[in-house]
Amino acid sequence: MEHLKLKPFPKDFLWGASTSAYQVEGAYNEDGKGLSVMDVTSVPEGTTDFKVTSDHYHHYKEDVALLAEMGFKEYRFSIAWTRIIPDGDGEINPKGIEFYNNLINELVKNNITPVVTLYHFDLPQALQDKYGGWSSRQCIKDYERYVRVCFENFGDRVHYWLTINEQNMMVIYQSGGMNLHEKYQANHHMLLAQARAMIACHEMLPDAKIAPAPNITVVYPASSSPEDYLASMDYDQLRNRMYLDVAVFGKYPEAFMEYLNQRGVDLDIEAGDFETLAAAKPDFIAFNYYGGTTVKYISIEDGEKAMAEAKAKGGAAEFMVGLMTEPGLAQGCANPLQKRTSYGMGIDPTGLRATLRQLWERYHLPLLITENGCGVPDTLEEGDKVHDDYRIDYLRAHIRACQEAITDGVDLMGYSPWSAIDLVSTHQGITKRYGFVYINRDEFDLKDMRRIRKDSFYWYKKVIASNGEDLD
Ligand code: BG6
């Protein structure tokens, strides 16, 4: 629908941006921090690891001053479990508590609302070694203890909490080597851990709000055939609804359980699990959005054939086909109508509006966009200038889509794109930059780590000052 007039952004709209601990902090083994799975992960050749990143640990005051200069209303960051409890389940590290106290105090002093992700991919390596991480139910207990420590220490100043970043992406993309049962068993444990966090938050901090933070996107059918439409519904269920339906309604969608059942997967569900899931209620939904997904129907026979052929080829082909094929259900495919960045990520602002509409109509909970952004290389010119009009264009179009969705009636609380300052991308080093602030380092040359305001910095400052009216 084309609106004749757009509604303004709400007065208290949360403008800001996001980061995560392992991608921005550095100081990976300082002041008692334990190793996380991300500290020891292998990174693609030619890209940096996560040891120093943007060295925010030592620059946090300067960084917060820059966010304040842009006029941020909120800042979403994550707490590293391994700074608080270095081995995941043992002693609490006072230095870790001190760092986040300092960061939170600095934000509050600058009138920036902290939005805290409790867990953003960086599981303590010690728990992975000890019992296989989320494969074990013990991880639920250890996560709950950790989040309670966070609520106790920071809950007087932090009123917005996010349970787990992109659980759905961890299950879909990062559970390589696991079979279907193992994958969805680990997922079940994460859903229970999330539920316990929501219950603990409401019990310990009655005024706080807590939300899941998956990666959600509209799923397009590749054609107008009814089979492809059904495939888009099925894939939407597997990718999006299976997480949010459980978080909000406390139960798995029926067709998803049947999908598991028909593939011989009988999840180990203990007495009390469903009661826990049903007792937990999110206050809002946070989600990351990077562009739409397109699928077509694929039969069991064709799907298995495609996977066998890709397996024979090995390498990237096997990985990609494996990732995008669900025999008998759907197969991901290229969408010639969707624009992409040089790194192949979608540019689909209208898809954001559609995603916002779907989420609002399904769950009727306030929504917060916790990631959305344009990761591309930037060029430092004239010593201290970054002319990133491509990023401004990207953000402008997505902010406009937010306004369209608000006009459609969606209750959108805020926009927190990726990322506040440059950081190390999860998959592609620091050359793939997302921030409003340029960090003067390369993949391996740490240079002087100078903070440099990009053109998008000044542009976003104007957007915030005008509460989204001035997007030029
Ligand atoms: C999201 C993650 O999946 O996408 C972030 O929550 C990540 O951690 C972001 O950085 C962008 O992906 P990438 O691979 O470009 O860093």
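We count ligands from 1, going down the list as the structure has it; atoms in each ligand are counted the same way. Residue numbers run from 1 in the order of the sequence given. Basis for what follows: all heavy atoms, side chains included, without hydrogens, waters or symmetry-related copies.
- For His398 and Tyr394, the ring centers are positioned less than 6.0 Å apart.
- In this structure Phe13 satisfies the ring-ring contact (aromatic ring centres under 6.0 Å, His included) test together with Phe9, Trp15, sequence neighbours excluded.
- When the options Thr19, Thr113, Asn165 are evaluated for a side chain to side chain donor-acceptor pair (under 3.5 Å) with Arg76, the one that passes is Asn165.
- Cation-pi contact between Arg433 and Tyr438: present, with separation from the ring centre below 6.0 Å and deviation from the ring axis of at most 45°.
- Using cut-offs of 30° and 60° on the angle between ring planes, the pair Tyr100 and Phe77 is parallel.
- In this structure, Arg83 is positioned above the aromatic face of Phe99, its NZ or CZ under 6.0 Å from the six-membered ring centre and within 45° of the axis.
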For ligand 1, list all ligand N or O to protein N or O distances below 3.5 Å, rounded to 0.1 Å.
residue, atom, partner, partner atom, Å
ligand 1, 3 (O), Glu166, OE1, 2.6
ligand 1, 3 (O), Glu166, OE2, 3.0
ligand 1, 4 (O), Glu371, OE1, 3.3
ligand 1, 6 (O), His120, NE2, 3.2
ligand 1, 6 (O), Asn165, ND2, 2.9
ligand 1, 6 (O), Glu371, OE1, 3.2
ligand 1, 6 (O), Glu371, OE2, 2.8
ligand 1, 8 (O), Gln23, OE1, 2.7
ligand 1, 8 (O), His120, NE2, 2.9
ligand 1, 8 (O), Thr426, OG1, 3.1
ligand 1, 10 (O), Gln23, NE2, 2.8
ligand 1, 10 (O), Trp418, NE1, 3.2
ligand 1, 10 (O), Thr426, OG1, 3.2
ligand 1, 14 (O), His427, N, 3.3
ligand 1, 14 (O), His427, ND1, 2.6
ligand 1, 15 (O), Lys432, NZ, 2.6
ligand 1, 15 (O), Tyr434, OH, 2.5
ligand 1, 16 (O), Ser425, OG, 3.0
ligand 1, 16 (O), Thr426, N, 2.6

